[in-house]
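Here is how names work: the chains are called A, B, and so on, in the same order as the sequence lines, proteins then strands, and each is numbered from 1.
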Amino acid sequence: MAKIGVFVCHCGENIASKVDTGILVKSLSDHPGVEICQEYKYFCSDPGQETVKRAIREHNLTGVVVAACSPRMHETTFRKACAEAGLNPYMLELANIREQCSWVHSEKDQATSKAIEITRSLVEKVKRNNELKPISVPVTRRALVIGGGIAGIQAALDIAGAGREVVLVEREPSIGGHMSQLSETFPTLDCSQCILTPRMVEAIQHPKITVMTYSEVEEVDGYIGNFTVKIRTKARYVDMSKCTGCGDCIQKCPVKKISNEFELGLSNRTAIYTPFAQAVPNVPVIDKSRCTYFKNGKCKICEKSCQIDAIDFEQQESVETIEFGAIVVATGFQIQDTSVYGEYGYGKYKDVITGLHFERLASASGPTAGKIQRPSDGKEPETVVFIQCAGSRDPSKGVKYCSKICCMYTAKHAMLYAHKHHGSNSKIFYMDIRAAGKGYDEFTRRAIEEDEADYLRGRVSKVFEENGKLIVRGVDTLLGKPVEVAADMVVLATAMTPQPDAKQFAKRIGIGYDEYGFFNEAHLKLRPVETAKAGIYLCGACQSPKDIPDSVSQASAAAAKVLGLFSREQLEREPVVAAVGESTCAGCWGCVYACPYNAIEQKDIRDRNGNLVKQVASVNPGLCQGCGTCVTFCRSNSIDLAGFTEKQIFAEVMAL
Amino acid sequence: MGIQEQYRSEAAALLSSGEVKLVIGFGAGSTADRRRPLFARTPDEAQKFVLDAACIANLSTYLVTEGLLSDGKKVAVFLKPDGIRSINILISEAQLKPEQVVILGYAIENGKEITPLEGRNISDFSIGEQIRSLTPPPHILQEAERIEEMSATERFEFWKEHFAKCIKCYACRQVCPMCYCRRCIVDVNQPQWVSTSSHTLGNFEWNLVRAFHLAGRCAACGACDRACPVNIPLRLVNYRMGKEVIDAFDYCAGENSNQKPVLASFKQDDPETFIL
């Protein structure tokens, strides 16, 4: 005989102001099987939980319904309370009369009767609950970090620093990411390469880190603690174990006029190349699509010039399958395709460039060795116009969000320009100056006050060429006047956008993404580095636009989550898993296809002589995530989900 | 030699050589225009086979009889293109092994003429193209279009009237080759999702559940329609569901024998109209 305890929470005024809890208690007290029904201001408080525990002990309750908030809030709290009072924690149900009732209704009568229905339906469910035990699964204590930018490097170093194995996968030939392209970094103006390269070297030399460059994650199977990941490594055509990075092959390569991607086309590279001088690993790759040998079977000059026979034209791409316990996604960002701003003349005028181009011009290792020169004629510009929000905060161009870093780097650009070119004249068109961060506002003030950056609040409508100058036409909204500036160079603060293949990638590994393609965190405020898929974590600009300090902090946070997971050898999992009724399963394998976690296999049923009688579906409880997709698919109703059985759901529905 | 004699001797040869243990075909029925399934296990029995324009039933349904094929031996069966289509679906759903089925294929031209179909193995029949262009008989199509034009209320009334007649005899299920479940959902009584009594609600529940279970799986043979003792136009429901699946997922059931079940498989470009 069921003895159910019902506990109606006021949640302060959250519930009590819209639901007449007195009526609710009275109505539930009369419900068959309800042994005790009480109300209290905050059942989640210590005295509240004590009341529940005492009731369980005194009345020998067989089930508990707490009518309060969403199970996402306090299911764990009350499950623990039940367990402490000696009741199986899965004999608890939370009736959500807050988010799904009091918060969304204004009529007290209606809200009250709805609360009664919700609670009653959960009482009927809990009567049919079964005692469940958590499943424990082993944890593979090795982490995969996808993306070798500063975020990925930091996460890898932190995890490896705690003694756990890490595989760092980067699709480019070198790790380093966008940070390796930057000149000096705000707000301290330290050289980006100088602070980054030691980290890159540390990563590649770390005994616990395996760096796989020129590689991509192709497939992710499994679940938290037990992922199986396929990683494809493209052919470099250079033997990494032999190459010393002397660079002779690069010197000799006859194909020299290939637009250099790292320098954003501001200089050229050869067909065998390293993306930049400090590349890690310092091993060149052959660009197969441009190499003369691969095109017409002749050349091999690099092979002849290599004194240690490291060039290997026969090299094939390889696929490795590795087991991991956790995955950190740090795949970074791209800059927006600036050609959507036809009015700014990007792509039409050589001297209209993006902020990233400016970084390369200002970088000591860049194509101009740190001199600010116009791409068109190499002259030093006298007047530079910077246009902020050239992409961000502009719904009409598809980017509604603030890219967060542009206010700061534009101030920095004006500063660097002033430092490198005395008597400089920089005009900055801006919408707002957003400089929240340690030392950030001071930094923009410094640009204005010490380095004489001229800030004009307003948008630019058009950039066009006249007598060798770029005429920037805009408005100064503070003066309420149109302005026209004759500039030598225009720098667009382009928006940060997700990687072009971010959505496909997210689908491949099973995590969510927002309308732009930035990956979704489990909770924006409280679980910012976790994804909704347990065991996969996020850091860096793949989640949202971020600067270096934010990316690095988030990387360390993700590493902390991974290490927390790796602190145990076994992982306790919710016992909400599916099970197949073997006697009725027709073996159509629909559930096998439907299962998003590959948790269902075929199983042979044999008689006592070992003859095959039939084949049925069988759920691997270690892999099952309890989503219930198979249950909805099964035509003969041969699959049931523990904790949400057909009987429970049916009773719940029928009680309404 | 007529086609009927040709098929009789072919069936007899299959049986006498021991290639198949059983041939499922048609025999004479209770009236001149009816045919009844005939199960021949010896060459002599094969001489009783009838093959004419009245042989319209989809005999593939007998192949999923429990235990029939568990000995690994072969069975031959007389099939029209819709029956061959059913075989494709059954193979996709792992209910048949292609090597266990020998097909004696035929088509009925203009409702009169019997023409033989080439091939004996399911792999010999490439019916994909045909199926796509196949339209139901004109009177069915007309009726389907008429229902399509109704308002939602009218349509509901139309079906309510028809389903009200249902006596829950489950003849539609028994005759359907796709209803091979050992225990049908309607026979589940813990909990009783589908009410068994034949009142309007229970009748709706049963017929709608069946329609959903056949979405993307129906070979459009019309067996359910013919089997229904109270003349519910069941194939109209299945025709509409099939159309829906083609439009939404470009998936036509039974085109070949290695299709994945449409409602259980996912493609990245599947429409997501239900996600806001």
Give a yes or no on this: more than 12 heavy atoms of other residues, nucleotides or ligands lie within 6.0 Å of atom NZ of B/Lys160.
no

Residues from residues 207-229 of chain B approaching chain A under 4.5 Å (heavy atoms)
B/His213, B/Arg217

Can you tell me which of B/Gly67, B/Cys181, B/Pro191 forms the most heavy-atom pairs within a distance under 4.5 Å of chain A?
B/Pro191

Using 0.5 Å steps for rounding, measure from the CD1 atom of B/Ile185 to the OG1 atom of A/Thr584.
10.5 Å

Side chain, backbone, both or neither of B/Gln95 within contact of chain A (heavy atoms, under 4.5 Å)
side chain

Within the 4.5 Å heavy-atom criterion, are B/Arg182 and A/Ser583 side-chain neighbours or not?
no

When you check the gap from the basic side-chain N to the acidic O, do B/Glu93 and A/Arg635 get nearer than 4.0 Å?
yes

Tell me, please, which residues at least two apart from B/Phe266 pass ring pair (Phe, Tyr, Trp, His ring centres under 6.0 Å).
none

Evaluate whether atom CZ of B/Arg155 has more than 12 neighbouring non-hydrogen atoms of other residues, nucleotides or ligands under 6.0 angstrom away.
yes

Best-contacting candidate, B/Lys260, B/Arg183, B/Gln190, against chain A by heavy atom pairs under 4.5 angstrom
B/Arg183

Atom NZ of B/Lys73: over 12 foreign heavy atoms under 6.0 Å
no

Is any side-chain heavy atom of B/Tyr180 less than 4.5 Å from a side-chain heavy atom of A/Cys588?
yes

For A/Thr632, which atoms come within 4.5 Å of any heavy atom of chain B: side chain, backbone, both, or neither?
neither

Do you know the tightest heavy-atom contact between A/Gly587 and B/Ala94?
O-CB, 3.7 Å

Per-pair distances, 0.1 Å, donor-acceptor, side chain in residues 615-622 of chain A, under 3.5 Å, sequence neighbours excluded:
from, atom 1, to, atom 2, distance (Å)
A/Gln615, NE2, A/Asp604, OD1, 2.8
A/Asn620, OD1, A/Gly622, N, 2.9

Sort by residue number and list every member of residues 640-656 of chain A having a non-hydrogen atom under 4.5 Å from chain B.
A/Glu646, A/Lys647, A/Ile649, A/Phe650

Nearest 0.5 angstrom please: A/Trp589 CH2 to B/Ser92 OG, how far?
14.5 Å

